Amino acid sequence: MEPVASISLARYGGSRPAGWQAQVRIDYVVNKVAQSHRGQAEDQVEKAIHEQLRAVGVVPNNRQIKQYATAISALSQLPRHG
């Protein structure tokens with residue numbers, strides 16, 4: 001059996017920017033909250049984003065959270081299936 005070739009992102013000159021993992025987590029949380037809290041009050045959306053970012057190990061940026069919350073609260077709520 002042939003040995004598996006090693007993989008190193010470093011040899012490509014760092015093909016991913018610093019902080020990309022945190023951004024993936026932020027995107028995940030914002031999308032999740034956009035589905036569950038759309039159309040709700042901004043303060044509820046802000047709280048949900050803040051708590052969920054902390055849960056995934058991201059230190060929240062309050063200015064960014066406010067922007068996301070404003071956009072999410074302006075969305076119409078999804079119809080409930082059931």
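Residue indices begin at 1 and follow the sequence shown. Just so it is clear, the structure is predicted and the values come from calculations on it, not from any experiment.
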If I take atom [atom1] from residue [X] and atom [atom2] from residue [Y], how far apart are they, to the nearest 0.5 angstrom?
X	Y	atom1	atom2	answer
E42	I49	CD	CD1	10.0 Å
Q67	E46	CD	CD	11.0 Å
K66	D43	NZ	CG	8.5 Å
I72	H37	CD1	NE2	9.0 Å

| Would D27 and Q23 satisfy side chain to side chain donor-acceptor pair (under 3.5 Å), going step by step from the backbone distance to the final call? | CA-CA 6 Å; D27 293 344; Q23 189 59 52; 2.8 Å; yes
| said: As a test of understanding, state which of E51, H50, Q52 forms a side-chain contact (heavy atoms from CB on, under 4.5 Å) with V29. | reply: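 Per the side-chain contact (heavy atoms from CB on, under 4.5 Å) rule, the option paired with V29 is Q52, out of E51, H50, Q52.
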| Should I65 and L53 be marked as a side chain to side chain contact (heavy atoms under 4.5 Å, CB included) after you check the CA-CA gap, both sets of side-chain angles, and the distance that decides it? | CA-CA 10 Å; I65 289 175; L53 285 176; 4.2 Å; yes
| query | Less than 4.5 Å apart, any side-chain heavy atom of V56 and any of I26? | reply |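 No. Closest side-chain heavy atoms not under 4.5 Å.
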| field | Fellow cluster residues of L75, listed by chain then number, with links counted only when side-chain atoms sit under 4.5 Å apart | value |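 L75 shares its hydrophobic cluster with no other residue.
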| query | Do R38 side-chain atoms and S76 backbone N/O form a donor-acceptor pair below 3.5 Å? | reply |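 A pair under 3.5 Å: yes.
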Side-chain donor-acceptor distances from residues 57-64 under 3.5 Å, at least two apart:
residue : atom : partner : partner atom : Å
N61     : OD1  : R63     : N            : 3.0
N61     : OD1  : Q64     : N            : 3.0

| query | Are Y28 and V24 connected in a single hydrophobic cluster, I mean Ile/Leu/Val/Met/Phe/Trp/Tyr linked by side-chain heavy atoms less than 4.5 Å apart? | reply |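 Looking at the clustering, Y28 is in a separate group from V24.
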| message | Could you report the tightest heavy-atom contact between A41 and S73, atom names first, then the distance? | response |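 Smallest heavy-atom distance, with atoms named: C-CB, 4.3 Å.
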| request: Might you point out which heavy atoms bring A69 and V45 nearest each other, and give the distance in Å? | output: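 Closest approach of A69 to V45, heavy atoms only: CA-CG1, 3.6 Å.
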